[in-house]
Amino acid sequence: MDEKCGVVGVSLSDRAAARPLYYALYALQHRGQESAGIITHDGFQQHSHVEMGLVGDAFDPDDIAELNGSNGIGHVRYPTAGSVDTACAQPFSVSFKSGSLGLSHNGNLVNAGALRDELAGMGHAFTSDGDTEVIAHDLARNLLDADLVTAVEETMATVHGSYSLAVMHDDRVLGLRDPQGNRPLCLGELDDGYVLASESAAIDALNGELIRDVEPGELIVLNPDGTGYESHRLTDPDNTARCFFEHVYFARPDSTVDGKLVYEARRELGRGLWAENGIDTDVVMPVPDSGRAFASGYAEAANEDGGSVEFAEGLMKNRYVGRTFIMPSQDERERAVRLKLNPIKSTVEGKTVTLIDDSIVRGTTSTQLVELLHDVGAAEVHLRIGSPPIVAPCYMGIDMASRDELIAAGKTVEEVREVIGADSLGYLSPASIADALDTAREDLCMGCVTGEYPYDIDGEETDRAVSRPVIGD
Ligand code: AMP
């Protein structure tokens, strides 16, 4: 299960939570387009609306009006290739003896299977095959004989893997980030309440102020009347394992994630790319949209170094075409790249071009674009990538394809260049990524570029000593 999602929770003083949650989900739409949902609580009972599709299609005004209560959580779910699975749409909601629970989860557990078996053996009945329901049942069991904070602490000791959660226990909204802080979560203040969200852009959308990131291993409990919050540090790990790919690709450029504005990080990554692998060409051109900030940093650093490169938009994006990787077959993916990006001939013809993108996964986008630019008359096409080669799958929640689909797995950079057909190819080193994110290398999860993971995953290496059970996936 790949769960690369957006989560949000709000507690307000005297106003329905549904509309702010709906706006926040709009701001987080890039984190998931498969389904959208909101659960609210009016002090007596839960109200829920969860549907497949984009936020704008999943709710109509009547749906919002029926979601009573000033506390609630929301979720957008990332598509998994080809499949549409209503049972996994979130927030997940369930009622237990210990009260009602709603959960919005971003991340991926590595021991969900074993926990599910254990809980099923104790009589818990499951309705989906998702990780989130496993967390819900574990929390429910702990809530039977412990207070909320202790119950969450116990669940945190049991579930292993990556999770940023917005949880609702009756009318109380909580935010929880896994002990290694793999997925982002932040806390913000509104005029009349508080908000927890995957990214600060969702807080901005509500005219709120970002207070700070939720710390790895921290539980935030919002007061149901919107007057404040409590913080509980439940664990204090030596190292974090923050996903570097949030800054490289996933998060919005206007979000601040773990204290670093994503746009600024991408520009610095672009500058690092010039420093490590710069090449003088007539034009520097981004692959829109994610390559833009990288290319502007790269071109700026090139010109500071005495170059005279032109930053040019040579590829126009059709914004109505979805993310190419969700197309189920390779053939469809290739066609989608051509539908999505079209060159502006005059900025390319007869010129040497540096094409800049954030990452290469399967290599579909790069191969197609290099061919396209050659076709419309580029003299040379040099490819520069703002992250290291992706050589291993992600078990922590980013849908990255399996190892045999990854173009760089088992190949040298020169071999990848040859397949893609570029005149030259340069990637960025892990050290430059850590520099640009103002983070120590050992506090970042770089499993997809090193094949070493912060959690024990059967058959994979771990890059640090963690006393966790080895679990197959
Ligand atoms: P590919 O065509 O498979 O090499 O994918 C690389 C392109 O997809 C780049 O332009 C990235 O911006 C984008 N990309 C990278 N990672 C992902 C992801 N997890 N989901 C969707 N798109 C991605």
Side-chain angles (χ1 to χ4, degrees), residues 184 240-281 283-312 352-361 363 365-366 369 381-392 398 400 407-408 412-414 416-417 420 422-450 452 463:
T240 62
R242 291 165 32 202
C243 170
F244 81 98
F245 214 64
E246 287 283 345
H247 283 93
V248 164
Y249 172 75
F250 214 80
R252 280 171 57 146
D254 53 334
S255 282
T256 297
V257 174
D258 283 320
K260 184 86 184 183
L261 181 67
V262 173
Y263 177 74
E264 230 10 87
R266 289 185 188 164
R267 275 178 46 83
E268 283 172 39
L269 292 167
R271 295 179 67 87
L273 195 52
W274 168 262
E276 283 188 3
N277 264 314
I279 182 164
D280 258 321
T281 55
V283 290
V284 169
M285 189 177 288
V287 177
D289 294 310
S290 50
R292 236 177 233 132
F294 291 84
S296 88
Y298 180 96
E300 183 183 77
N303 288 329
E304 279 170 17
D305 258 3
S308 61
V309 300
E310 183 197 348
F311 175 87
T352 56
V353 176
T354 304
L355 183 65
I356 304 210
D357 205 355
D358 61 281
S359 59
I360 301 179
V361 182
T365 310
S366 310
L369 291 181
V381 182
H382 300 272
L383 191 58
R384 292 295 177 270
I385 302 298
S387 56
I390 293 173
V391 296
I398 294 207
M400 276 281 192
I407 192 172
T412 63
V413 173
E414 175 53 23
V416 177
R417 184 205 65 75
I420 288 174
D423 292 281
S424 75
L425 168 64
Y427 287 97
L428 189 63
S429 69
S432 285
I433 302 261
D435 279 355
L437 302 192
D438 305 328
T439 308
R441 164 68 191 85
E442 55 274 19
D443 284 327
L444 293 174
C445 176
M446 289 202 177
C448 59
V449 303
T450 60
E452 293 171 4
D463 67 350

Are any of the side-chain heavy atoms of [X] and [Y] separated by less than 4.5 Å?
X      : Y      : answer
Thr439 : Phe244 : no
Ile433 : Val449 : no
Leu425 : Ile360 : yes
Asn303 : Val309 : yes

Distance-only donor-acceptor pairs under 3.5 Å for side chains of residues 289-296, two or more places apart:
from, atom 1, to, atom 2, distance (Å)
Asp289, OD1, Arg292, NH1, 2.9
Asp289, OD2, Lys317, NZ, 3.1
Ser290, OG, Asp358, OD1, 2.7
Arg292, NE, Glu313, OE2, 3.0
Ser296, OG, Arg267, NH1, 2.9
Ser296, OG, Ala293, O, 3.3

Seminar exercise, completed: Taken in chain and number order and not counting sequence neighbours, the residues that satisfy side-chain contact (heavy atoms from CB on, under 4.5 Å) with Ala301 are Arg271, Trp274
Seminar exercise, completed: side-chain contact (heavy atoms from CB on, under 4.5 Å) filter on Thr352, not counting sequence neighbours, yields Thr281, Asp282, Ala379, Glu380
For this session: Please list all pairs passing the salt bridge (charged side-chain N to carboxylate O under 4.0 Å, His left out) test where one or both residues lie in residues 422-437, with sequence neighbours left out.
Result: none
Exercise. Is there a donor-acceptor contact under 3.5 Å from the side chain of Glu276 to the main chain of Ser429?
Worked result: yes
Exercise. Would you find a donor on one side and an acceptor on the other, under 3.5 Å apart, between the side chain of Arg384 and the backbone of Asn277?
Worked result: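 Confirmed, Arg384 side chain pairs with Asn277 backbone.
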Seminar exercise, completed: For Arg417 and Ser424, the nearest pair of non-hydrogen atoms, with its separation, is CD-CA, 3.7 Å
Problem set entry | salt bridge (charged side-chain N to carboxylate O under 4.0 Å, His left out) partners of Asp280, counting only residues at least two apart | none
For this session: For Phe245, check ring pair (Phe, Tyr, Trp, His ring centres under 6.0 Å) against everything at least two apart and list the hits.
Result: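 With sequence neighbours excluded, Phe245 shows a ring pair (Phe, Tyr, Trp, His ring centres under 6.0 Å) to Tyr249, given in chain and number order.
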